[in-house]
Amino acid sequence: MSAEPRPEERPFDPEQWTRDVDWLHALALFDEGRAFEAHEHFEARWRATDAPGPRSVLRALVQLCALEVALAEGRERGARSLAAKVALALEAEARGGASFAGLPLADVAAAARRRDAGGPPVRLVPAPETNTETGPGTDAAARARAGGRTQRAPTLHAMPAPRYHVDPDITRAATLPGAFYSDTEAFERAKERVFAPSWQYALDERELAEPGAQRPLVLLPGLLDEPLAFVRDERGELACLSNTCTHRANLVVTEPCHARALVCRYHGRRFGLDGAFQSMPKFEGVQSFPTRADNLARVPHARLGPLTFASLAPERDFERWIAPVRERVGWLPLHEFHAAPERSRDYEFAAHWALYCDNYLEGFHIPSLHGGLNSVIEFESYTTELFELGTLQIARSKPGEPAFELPTSAREHGERIGAYYYWLWPNLMLNFYPWGLSLNHVQPLGPSRTRVAFRTWVWKPEQLDRGAGSGLHTVELEDECAVAAVQRGVRSRYYTAGRFSPEQETGVHHFHRLLAERLG
């Protein structure tokens, strides 16, 4: 590869960034993983720029490049310090939702913080602006080539999109607007702002019972599409690793198997069961090799009983997220629950993923939509509770219908509880019934396409097909029919937004506020 020409030191004008070939080239270098070369370009502009705001942002970008170099060289302490400096500087400039030369500063700052915690590499992806000479949506790579550059310029995305706000007072609040459910830009932003920092259900850890067991998994297929591998090491400890080889990005684990090491079949790179680099054929003489970057990245994971969860860069500690479940139904012996694949299936339907959550988060529709369920529960005593990142709905059984045998330590001891319905931000439902657990994992596939993965664990088979936990397939089809109809309705020219029932829709209001806070 030819050497990069030394960049010219000249002031940077953020208003003219779409015509600034050197700026676009620097962004392309960074996104290609060439942080050292990008550093030279950002530093040249920083030295020549006097305006306080642009100078502060450019200095943070210089430090961001240094952060990536430090991580590549295994200098963790220096990387940690740089990540904090980058985030603080960009957050200060991002107040009020400001962007800089098309860069969403708050997003870059958040990505820098996640980088320090082992998150994915930062990407500098600017928003498009109208170029009066070449028209809106002009390709940045074409502009770069016109200035003599041949390297790939960054992809342009429309950002930011319309801002969303939901009043915290439910008696005054309106729902998210109907346009939200077809907003492709908000859907794309949700990938990094909602889903990448969230905890997602992965698997039952008992699927990897023996040391050496390996299983590939794609986290949120169709949305995040992040290839992971769960591995049980010789000590019996479970690890979650990136499944992308650090040589040429081939998938390392391609099918469930047992082995003493992880070996990439492409070129033979070998890793320990903890993800640490071990060996690589034909790499004699390579300088500064191996480094920490040659290990498979370790991905945060945690468990509720045998249920295992993963997060690419968690915004909340797992125990803080799962605490409401442990506190309320922690007495359930989840390790005695047995997976029932014959009662598990996937559903796909034409609607936005958030509409499915909207529907789940209120029992308002039960009498009119779910006649079977309504016949076995006492709707008048149906309750909803809110907590930081979730809700709990409790259905009480009518006389003669199945109910939990609650221990004296349970808050509802003495009541006839037919179901505990937990929704956990942003897309997980845990439905506890006297017979066991039904898990709904909502997987967005597009602005108007959703998959829901139903997974079932049975505790007391004699209670199956009775009470609130019976007829789940029918209930699901009833819900999907309603949600698909709403998807069509929110597109109407005559619909803008609705209002909330303070008695019945506190859960929906809570969900909309969480979405608006992250996407607004």
Side-chain angles (χ1 to χ4, degrees), residues 1-73 75 77-96 98-113 115-116 121-129 131 140-141 143-156 159 288:
M1 181 180 294
S2 61
E4 277 287 312
R6 188 169 185 82
E8 177 186 356
E9 289 192 7
R10 56 188 176 86
F12 180 60
D13 182 359
E15 299 299 320
Q16 299 297 319
W17 70 269
T18 58
R19 300 172 183 168
D20 191 324
V21 174
D22 287 333
W23 169 255
L24 295 171
H25 181 58
L27 297 178
L29 288 171
F30 185 90
D31 277 0
E32 288 170 356
R34 300 169 63 187
F36 185 84
E37 293 96 327
H39 177 283
E40 299 290 313
H41 287 265
F42 290 133
E43 185 175 42
R45 309 307 286 276
W46 168 58
R47 290 183 182 279
T49 300
D50 294 324
R55 184 173 173 82
S56 177
V57 174
L58 288 166
R59 184 170 185 267
L61 293 177
V62 171
Q63 294 172 325
L64 180 62
C65 293
L67 163 64
E68 291 299 325
V69 173
L71 287 172
E73 294 176 352
R75 294 185 281 111
R77 180 176 298 179
R80 186 174 300 112
S81 174
L82 286 165
K85 291 177 180 178
V86 171
L88 287 171
L90 295 183
E91 286 166 352
E93 296 297 326
R95 288 168 186 159
S99 63
F100 175 85
L103 294 179
L105 296 184
D107 289 355
V108 178
R113 289 195 183 280
R115 192 71 171 124
D116 177 46
V122 181
R123 289 289 178 260
L124 301 180
V125 185
E129 292 184 2
N131 186 321
R143 291 196 298 275
R145 287 193 295 272
R149 302 295 188 185
T150 58
Q151 288 85 355
R152 176 183 62 82
T155 303
L156 298 186
M159 241 177 134
S288 302

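One-based numbering along the sequence shown. All figures in this text were calculated on a predicted structure; none of them were measured in a lab.
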Verdict with reasoning, Phe30 to Phe36, per side chain to side chain contact (heavy atoms under 4.5 Å, CB included): CA-CA 8 Å; Phe30 185 90; Phe36 185 84; over 6 Å; no

To the nearest 0.5 Å, how far apart are CG in Leu67 and CZ in Arg80? 11.0 Å

What side-chain donor-acceptor pairs closer than 3.5 Å can you find for residues 48-58, not counting sequence neighbours?
{"residue": "Thr49", "atom": "OG1", "partner": "Phe12", "partner atom": "N", "Å": "3.1"}
{"residue": "Thr49", "atom": "OG1", "partner": "Arg45", "partner atom": "O", "Å": "2.6"}
{"residue": "Arg55", "atom": "NH1", "partner": "Trp46", "partner atom": "O", "Å": "2.8"}
{"residue": "Arg55", "atom": "NH1", "partner": "Thr49", "partner atom": "O", "Å": "3.2"}

Working to the nearest 0.5 angstrom, can you tell me the gap between Leu90 CG and Arg113 CZ? 10.0 Å

Please confirm whether the backbone N or O of Leu124 pairs with a side-chain atom of Asp31, one donor and one acceptor, at under 3.5 Å? yes

So which heavy atom on Arg115 is nearest to which on Pro121, and how close? NE-CA, 3.6 Å

Only counting residues at least two apart or in another chain, list the ones meeting side chain to side chain donor-acceptor pair (under 3.5 Å) with Arg59. none

From Glu43 atom CD to Glu40 atom CD, the distance as rounded to the nearest 0.5 Å: 6.0 Å

Would you check if Lys85 and Leu64 make a side-chain contact, meaning some heavy-atom pair closer than 4.5 Å? no

If every non-hydrogen atom of Val86 is compared with every non-hydrogen atom of Ala60, which pair is closest and at what distance? CG2-O, 3.5 Å

Between Ala70 and Leu82 the two heavy atoms that sit nearest each other are CB-CD1, 4.5 Å

In Å and rounded to the nearest 0.5 Å, what is the NE2 to CD distance from His39 to Gln63? 9.0 Å

